[in-house]
Amino acid sequence: MSSSDRRLFLLSGLAALAGCGFAPVYGPGGGGDALMGQVRVTPPRGRAGFLLTSEIEARLGRPETPRYELRPVIALRSEAIAIDRSNVAARANLIGTVHYTLTDLKSGEKVDNGKVTNFTGYSTFDTPIVTRAAARDAEARLMQMLADQMLTRLAAAAASRSR
């Protein structure tokens, strides 16, 4: 396939997407655009709450005059998934769930709510300090994944409301 054939193929794919109503979520008029600088997060307690709030604010910004309030509730649990011959966990999964509610601050109406769940793994070590560092890193990765999932759903819901 020549380079001009590839370009024609890619452009025809973009034209097909435009014809079917496809619009970028964070483009002008997209669902993500409606949330930018508009969402105040009520941070859950603890390190996980701080990490989740930081991820959300990094993507949407911290609003001066918010239109919405986002209330996430985090539940975390750890599961041993690999046990060695001496019956000691060598690997663990950190499983997280975030239940969230997005409320319109002017009307008090619940605009959206839902739940996202994900997991990440980490290795355990003979040294408790190293194991704790691995668990903390897993927690940070998990909060990033959960924030991504939650914001994707909120942006999709906002895009469907604006149509």
Side-chain angles (χ1 to χ4, degrees), residues 1 3 5-79 81 91-122 134-163:
M1 189 180 264
S3 65
D5 290 342
R6 278 188 229 126
R7 278 188 235 130
L8 180 62
F9 175 74
L10 290 173
L11 289 174
S12 65
L14 290 174
L17 285 175
C20 74
F22 171 79
V25 172
Y26 290 103
D33 189 43
L35 299 175
M36 296 297 290
Q38 298 294 315
V39 179
R40 178 181 70 208
V41 181
T42 301
R45 290 186 181 157
R47 183 173 186 273
F50 171 79
L51 293 168
L52 183 72
T53 301
S54 296
E55 290 292 335
I56 294 166
E57 288 179 348
R59 288 163 180 76
L60 297 180
R62 185 177 285 179
E64 290 181 28
T65 54
R67 178 175 176 189
Y68 304 105
E69 178 183 32
L70 178 64
R71 288 184 175 266
V73 177
I74 302 169
L76 296 175
R77 66 184 169 90
S78 189
E79 270 182 10
I81 59 171
R91 204 139 164 84
N93 273 345
L94 182 61
I95 303 159
T97 300
V98 176
H99 293 269
Y100 61 90
T101 303
L102 185 68
T103 305
D104 186 311
L105 290 171
K106 291 179 185 174
S107 68
E109 177 186 343
K110 185 181 354 177
V111 177
D112 196 14
N113 68 329
K115 172 180 89 165
V116 292
T117 301
N118 215 324
F119 74 96
T120 189
Y122 63 97
R136 288 172 61 88
D137 180 63
E139 182 181 48
R141 290 191 319 268
L142 182 59
M143 291 304 108
Q144 184 177 26
M145 290 186 288
L146 291 168
D148 286 343
Q149 284 179 267
M150 185 173 33
L151 291 175
T152 298
R153 289 186 183 187
L154 288 170
S160 68
R161 280 192 308 276
S162 66
R163 290 185 188 162

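Side chains are part of it too, since the values below use all heavy atoms of this structure and drop only hydrogens, waters and symmetry mates. These figures come from a predicted structure and were not determined experimentally. Residues take their numbers from the sequence shown, with the count starting at 1.
When all heavy atoms of Glu139 and Ala48 are compared, the closest pair comes out as OE2-CB, 3.5 Å. Closest approach of Pro44 and Thr53 over heavy atoms only: CD-OG1, 3.9 Å. Nearest heavy atoms, Gly121 versus Arg91: C-NH2, 3.6 Å. Closest approach of Met143 to Leu52, counting heavy atoms only: O-CD1, 3.6 Å. Listed here is the closest heavy atom pair of Ala138 and Thr120: O-CG2, 3.2 Å. For the pair Leu146 and Thr97, the tightest heavy-atom approach, listed with the atom from each and the gap, is CD1-N, 4.4 Å.
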Where do Arg47 and Leu51 land on the side chain to side chain contact (heavy atoms under 4.5 Å, CB included) test, with the steps shown first?
-> CA-CA 6 Å; Arg47 183 173 186 273; Leu51 293 168; 3.3 Å; yes
For the pair Thr152 and Val116, evaluate side chain to side chain contact (heavy atoms under 4.5 Å, CB included) and give the outcome as yes or no after the intermediate values.
-> CA-CA 10 Å; Thr152 298; Val116 292; over 6 Å; no
Mind running side chain to side chain contact (heavy atoms under 4.5 Å, CB included) on Leu154 and Val39 for me, showing each step along the way?
-> CA-CA 11 Å; Leu154 288 170; Val39 179; over 6 Å; no
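Here the CZ atom belonging to Phe50 is positioned 10.0 Å from the CD atom belonging to Glu55, to the nearest 0.5 angstrom. Here Asp112 contributes atom CG and Met150 contributes atom CE; the two are 11.0 Å apart, rounded to the nearest 0.5 Å. In this structure, the separation between CG on Asn118 and CG on Leu142 is 6.5 Å, given to the nearest 0.5 Å.
Summarising the local packing, CZ of Arg141 is surrounded by more than 12 heavy atoms from other residues, nucleotides or ligands at distances under 6.0 Å.
Remark: Asp148 engages Arg59, Gln144 in a side-chain contact (heavy atoms from CB on, under 4.5 Å) (not counting sequence neighbours).
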Sequence neighbours excluded and cut-off under 3.5 Å, please list the side-chain donor-acceptor pairs for residues 99-108, or say none.
unit_1 : atom_1 : unit_2 : atom_2 : d
Asp104 : OD1    : Lys106 : N      : 2.8
Asp104 : OD1    : Ser107 : N      : 3.3
Ser107 : OG     : Glu109 : N      : 3.1

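The closest side-chain heavy-atom distance from Asp137 to Tyr122 is not below 4.5 Å.
If you run side-chain contact (heavy atoms from CB on, under 4.5 Å) between Leu70 and each of Val111, Leu60, Ile56, Thr42, only Ile56 comes through.
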